[in-house]
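Everything below concerns the one structure shown next.
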Amino acid sequence: MPAVMADPLTLPRLPLLPEAETGWRRVAKVVTAARHLEGEGFEVRRPFPGTDLALADPFLLLDHMGAVEYAPGEAMGTPWHPHRGFETVTYIIDGAFQHQDTTGGGGLISDGATQWMTAASGIQHIEQPPPELVTKGGLFHGVQLWVNLPRAQKWVPPRYQDIEARDVKLLAADDGSSLVRVIAGSVAGYDGPGVTYTPINYLHATVAPGARLTLPWPRDFNAMVYVLSGRGTAGSEETGLDEGQLGVFAGSHHKGTGDGLVVRAADSQPVASANGWEILILGGLPIREPIARYGPFVMNTREEIVQAFEDFQAGRMGTIPAEKVPHRSDADESLA
């Protein structure tokens with residue numbers, strides 16, 4: 001797995017949370033991801049949206065792509081298409097994807113890198129496997145997360161963030177056994193590189209076989225764990241979670257020092273998870289606003305959806321193709 005790896009014993013460690021005083025959240029619901037076809041016909045596993053979208057607020061969608069070993073000619077992507085009203089976050093664990101959008105943002109994202117596209121007032125983009133992956137085949141594994149925007153930010157100008165693998169904040173569990181990658185948000189005072197409009201945490205953890213990982217968690221954030229590979233348990237009651245399953249934590253009712261999440265990797269892991277249990281840990285501050293969604297648009301009212309279609313058809317969501325914007329290091333000030 002080429003996603004960023006490091007020796008946890010060399011990294012800053014998460015704090016040891018007091019067992020008796022921490023409000024350990026329990027798992028309220030387990031969702032098994034459904035399989036869907038996207039883009040030009042590639043399969044994804046999608047744990048949400050489902051029947052109760054409010055449980056995931058401020059997130060709208062999670063697509064798990066792979067892991068899959070493509071034969072030559074099998075790799076597929078998406079054609080040019082529009083978005084408005086939210087952000088798409090594509091995290092590539094294995095392999096590579098090419099992104100381009102009508103702000104000029106884009107490039108190759110691979111092996112632990114993330115592209116963060118804020119569609120907001122309207123944008124078009126395309127995501128495709130690189131030519132060598134199409135020609136030769138190879139391993140591909142990634143995740144796309146849709147993050148909603150509050151009403152006040154749905155009309156801000158689009159922007160693009162290129163988060164390379166080296167930008168991700170790396171942490172170790174309190175006992176040094178497990179690795180945590182902070183892509184966005186803040187955990188125990190350690191900040192990830194993703195710049196967000198909606199307060200969220202987005203983490204990828206590799207939990208060593210048999211190890212326990214605990215995280216301090218904002219009391220006003222919801223929380224979820226999605227299994228990329230392997231098996232383990234989540235919550236104080238140790239609810240079992242296997243690959244392709246999402247555990248949704250209950251909200252906070254604790255009056256003590258703070259909230260905490262606890263997960264534990266099974267002692268025995270599949271061969272593909274020899275390094276440990278691979279999980280996403282995500283949550284955020286619920287927006288709690290009306291949601292009107294249709295295809296690539298997520299707004300607050302039906303009238304705004306109709307307007308989005310009209311604006312797209314009138315060419316008001318960017319021109320194809322676009323010039324490439326500077327690399328992230330040249331544009332940090334504009335994203336601050």
Side-chain angles (χ1 to χ4, degrees), residues 31 33-34 36-39 44-65 77-91 99 101-103 105-106 114-127 142-161 183-185 194-202 221-222 224 226 246 248 280 282-318:
V31 177
H36 298 267
L37 292 179
E38 280 297 308
V44 301
R45 284 178 283 184
R46 183 176 296 163
F48 64 84
T51 55
D52 192 351
L53 181 61
L55 288 175
D57 186 10
F59 305 112
L60 297 163
L61 173 145
L62 181 65
D63 275 354
H64 182 192
M65 304 173 286
T78 68
W80 282 98
H81 59 283
H83 287 300
R84 173 178 281 179
F86 62 99
E87 304 180 284
T88 68
V89 183
T90 306
Y91 172 48
H99 170 94
D101 65 47
T102 49
T103 71
T114 301
Q115 69 91 2
W116 197 300
M117 187 188 78
T118 303
S121 60
I123 198 170
Q124 294 183 64
H125 76 147
I126 185 171
E127 294 170 302
V143 181
Q144 185 169 98
L145 177 69
W146 290 12
V147 185
N148 199 10
L149 289 170
R151 188 192 306 268
Q153 273 79 52
K154 285 189 181 292
W155 298 99
V156 299
R159 73 180 180 191
Y160 177 82
Q161 298 175 65
I183 298 169
V195 179
T196 72
Y197 284 104
T198 306
I200 67 168
N201 284 342
Y202 187 28
F221 277 24
N222 59 18
M224 296 177 284
Y226 178 76
L246 177 81
V248 183
L280 298 179
L282 60 159
L285 186 66
I287 295 173
R288 297 192 177 96
E289 291 179 352
I291 291 177
R293 62 186 296 166
Y294 192 89
F297 306 129
V298 182
M299 303 301 290
N300 296 110
T301 67
R302 181 183 179 279
E303 289 74 21
E304 289 171 331
I305 294 293
V306 172
Q307 180 184 352
F309 275 102
E310 291 174 349
D311 288 347
F312 169 59
Q313 291 167 353
R316 291 190 283 267
M317 290 190 186

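In this text the structure is predicted, and so the values were computed from the model without any measurement.
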(request) Would you name the heavy atoms of F48 and L246 that are closest together and state the gap between them? (result) CD2-CD2, 3.7 Å
(message) Holding to side chain to side chain donor-acceptor pair (under 3.5 Å), I want the full list of residues that pass it with Q153, two or more places apart in sequence or in another chain.
(response) none
(request) With sequence neighbours excluded, tell me which residues meet side chain to side chain contact (heavy atoms under 4.5 Å, CB included) with N201. (result) V187, W217, P218, F221
(message) Has H83 got a side-chain atom pairing as donor or acceptor with P296's backbone, closer than 3.5 angstrom?
(response) yes
(request) Would you please indicate yes or no on a ring centroid separation below 6.0 angstrom for F297 and F86? (result) no
(request) Kindly say whether G106 contributes a backbone atom to a donor-acceptor pair with the side chain of Q115 at under 3.5 angstrom? (result) no
(request) Examine distances only and state if a side-chain atom of K154 and a backbone atom of V298 form a donor-acceptor pair shorter than 3.5 Å. (result) yes
(request) Measure the shortest side-chain to side-chain distance between T196 and V147 over non-hydrogen atoms and say whether it is less than 4.5 angstrom. (result) no
(request) Please examine the side chains of M317 and D311, heavy atoms only from C-beta on, and report whether any two atoms are closer than 4.5 Å. (result) yes
(message) Using modelled atom types and a 3.5 Å cut-off, is there a donor and acceptor pairing between side-chain atoms of T114 and backbone atoms of Y91?
(response) no
(request) State whether the side chain of E289 and the backbone N or O of N300 hold a donor-acceptor pair below 3.5 Å, judged by distance alone. (result) no
(request) Taking the six-membered ring of F309 (Phe, Tyr or Trp), confirm whether the NZ or CZ of R84 is under 6.0 Å from its centre and within 45° of its axis. (result) no
(request) Decide if the gap between the ring center of H125 and the ring center of Y160 is smaller than 6.0 angstrom. (result) no
(request) Check whether any side-chain N or O of D57 sits under 3.5 Å from a backbone N or O of R288 as a donor-acceptor pair, and report yes or no. (result) yes
(message) Within the 4.5 Å heavy-atom criterion, are M224 and F59 side-chain neighbours or not?
(response) yes
(message) If the condition is side chain to side chain donor-acceptor pair (under 3.5 Å), which residues does Y202 pass it with, not counting sequence neighbours?
(response) none
(request) Give a yes or no answer on whether the side chain of T78 reaches the backbone of E127 with a donor-acceptor pair at less than 3.5 Å. (result) yes
